[in-house]
There are 2 protein chains.
Amino acid sequence: MTVTIKDVAKLAGVSPSTVSRVIADSSRISEKTKIKVREAMQQLGYHPNMIARSLASQSTQTIGLVAPSSTDLVFQNPFFPTVLRGISEGAHTKQYSIHMTTGKTEKEIYDDVVKMVQGRRVDGVILLYSKVEDRVLSYLRERNFPFVVIGKPFKHVEEITHIDNDNFRAAKDVTEHLLRLGHERVAFVGGNLNFVVTVDRVLGYEKALRNAGISLRNEYVIHEEFLREGGQEAVNALLSLEDPPTALVVSDDLMALGVLNSLNELGIQVPKDISVVSFNNVMLAEMSRPPLTSVDINIFDLGFEAARNLMQMIENPKEPVKRVIIPYNLVKRSSCGPVESAIVEST
Amino acid sequence: MTVTIKDVAKLAGVSPSTVSRVIADSSRISEKTKIKVREAMQQLGYHPNMIARSLASQSTQTIGLVAPSSTDLVFQNPFFPTVLRGISEGAHTKQYSIHMTTGKTEKEIYDDVVKMVQGRRVDGVILLYSKVEDRVLSYLRERNFPFVVIGKPFKHVEEITHIDNDNFRAAKDVTEHLLRLGHERVAFVGGNLNFVVTVDRVLGYEKALRNAGISLRNEYVIHEEFLREGGQEAVNALLSLEDPPTALVVSDDLMALGVLNSLNELGIQVPKDISVVSFNNVMLAEMSRPPLTSVDINIFDLGFEAARNLMQMIENPKEPVKRVIIPYNLVKRSSCGPVESAIVEST
DNA sequence: TTGTAAGCGTTATCAG
DNA sequence: CTGATAACGCTTACAA
């Protein structure tokens, strides 16, 4: 039924091993037989059985992908398809394939990872997120299995190859941008603190304030689990304060969209009454009203580099640990303005 | 190094085949030995090598996913992560894994598919799109390889299992909804006509108009390749008409967002001056200003059913061809209004 | 430069 | 109910 290496060997009048060597384009095979064998392959429509090859060579040429549990934000976020595209293109450069976990809960995902790692289905793994506590990461580390994380590992940063932005500095930058516009009451709206990216961004925000000699206020820092609803609740909480902020640093474009909508419903104008800046710069940032000033973190590159570095680790087991920092840049649109206008307004 | 079935056999004092049977939970093994073997597995931390198992059993328990080339709309669209989540959860119910193509261009994708099919890496394939001409689909059909398509196949509909919405009727419905609101100048803004879904939707739109005795106008049907820019250009074209439409049927939420923005920039109010209805009902539909009236096509279910049906086909080769129609429903929000207001406005 | 033969870790077919 | 033994299709020493 299926045409194997043996059929090709027979037709070409050589041994199976020779065919195998032709597939691998071994230098120790004469051009003449290579051509002969390739013709036989053509003629029979031969395609190597990757499974058999994997079993024999103990390598699959495939990358395992681990997304956070689908209840978390990543999956709903344009971040996901974009980083996936980056990984995909990166993998393609070396002909790697992609294998995905299908689990929903953390436990299911953990089991998936064990299955794909011990089941020898993948040569390495990319973690699409970085959480404060993570069984999956611990497992991979313990087994010494090749993996890279997108984001900054919470522990053992020096020992784990990861691809990240400098989220601390980015948050500091945007906060300073707001400060420079004259804002002094700047609040932070972030996601789940279990994600390291959230932690980094609050820290950067706080640093900027501290540098500017502005004291931190607990009421100004809000963390919400969900994107839409979160934005809404954050606005409610913030605006019911005695001293509501005049500017908001929001940790995710989607959440910022929620914020914008709530503000709009309350009749509060952006950026006249309140300034908003956010992160990721997904396509929507530019389609919102007003268009969002947002930090472009080059999501595609995060994925692409993750794939590239993982493949390097797979192919060279003694590859040193790396920290790859993808540059970011602030894309200024129309959601930020000087604080003066707000003050003028209230006078 | 790695613990195999043989190690387990030795420790449990049975033969490798017995261990294999315990893994498969064969009914012809005594409970006693099952327990004994399982204990040995535990003790050694045994996990089956899926690759070896696949080679021996000629089945991989994995589903191949084929997305359209990333230059097309699907990848940028929230549709993609959602349908993926559906497939993922569907696959998980039977412990199937997911394998993805990494190609960018059509040719790369085609090669990926051949490699994963002939390479025996997957037991079946899901096509995440349906195009008018598609080498991948032809290839799968010729080889008689199990596959399902999400969307309606252009040719051989009766012979290909597919999961779809009744896009024709949905488009007809929404157009009639607009008609009922008094609109007579209704335009259609759609995506690439190579996608069957686009074709179905224009057809439904046209049918509704014809039923209502309204003559079709070519200038009222616009097709755009890209989402944002497309929305913008469509608006420009439509509004420069002598007789601009008072209502728009837009084939995709994201494009509708582009439309909304262009309209907004031109100072045209929705729904007062013009009504807009779109398709898919992704999260953004509800976050736009005004919130979009949109057809919820139950994207998650499309994916879930695709996985379920494919697995059925894989497990039962003589499973009959099926057409699964996922229901849709119109979610009314604030982007549609009676035509009267527009008329009043212009008087 | 090429062939022979022994794996890779399972499952499946026969016996018993 | 359980055990040998032969596949599964390929890679890779080791020989020649």
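Naming: A, B, ... by sequence-line order, numbering from 1 per chain. Atom set for the values below is all heavy atoms of this structure, side chains included, hydrogens, waters and symmetry mates excluded.
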Assess whether a salt bridge exists between [X] and [Y], defined as any Lys/Arg side-chain N lying under 4.0 Å from an Asp/Glu carboxylate O.
X	Y	result
D111(B)	K115(B)	no
K36(B)	E39(B)	no
E106(A)	R135(A)	no
D25(A)	R38(A)	yes

How many whole angstroms separate atom [atom1] of [X] from atom [atom2] of [N]?
X	N	atom1	atom2	result
R120(A)	dG9(C)	CZ	P	8 Å
D7(B)	dG9(C)	CG	P	9 Å
I35(A)	dT2(C)	CD1	P	12 Å
K10(A)	dT4(C)	NZ	C1'	16 Å
D25(B)	dC1(D)	CG	C1'	15 Å
I29(A)	dG3(C)	CD1	P	8 Å

Base, sugar-phosphate alone, or nothing: which one does S54(B) contact when heavy atoms must sit under 4.0 Å apart? nothing
Looking only at side-chain N and O atoms, does T18(B) come under 4.0 Å of OP1 or OP2 in dG3(D)? yes
How does protein contact run along nucleotides 10-16 of chain C, one letter per nucleotide 5' to 3', with B for base contact, S for sugar-phosphate only, - for none, heavy atoms under 4.0 Å? BBBBB--
Counting side-chain heavy atoms from CB outward, which of dG3(D), dT2(D), dC8(D) is closest to Q58(B)? dC8(D)
I'd like to check M41(B) versus I23(B) (side-chain heavy atoms, cut-off strictly below 4.5 Å). Are they in contact? yes
Looking at K155(B), I'd like to know if its NZ atom is crowded, meaning that more than 12 non-hydrogen atoms belonging to other residues, nucleotides or ligands lie closer than 6.0 Å. no
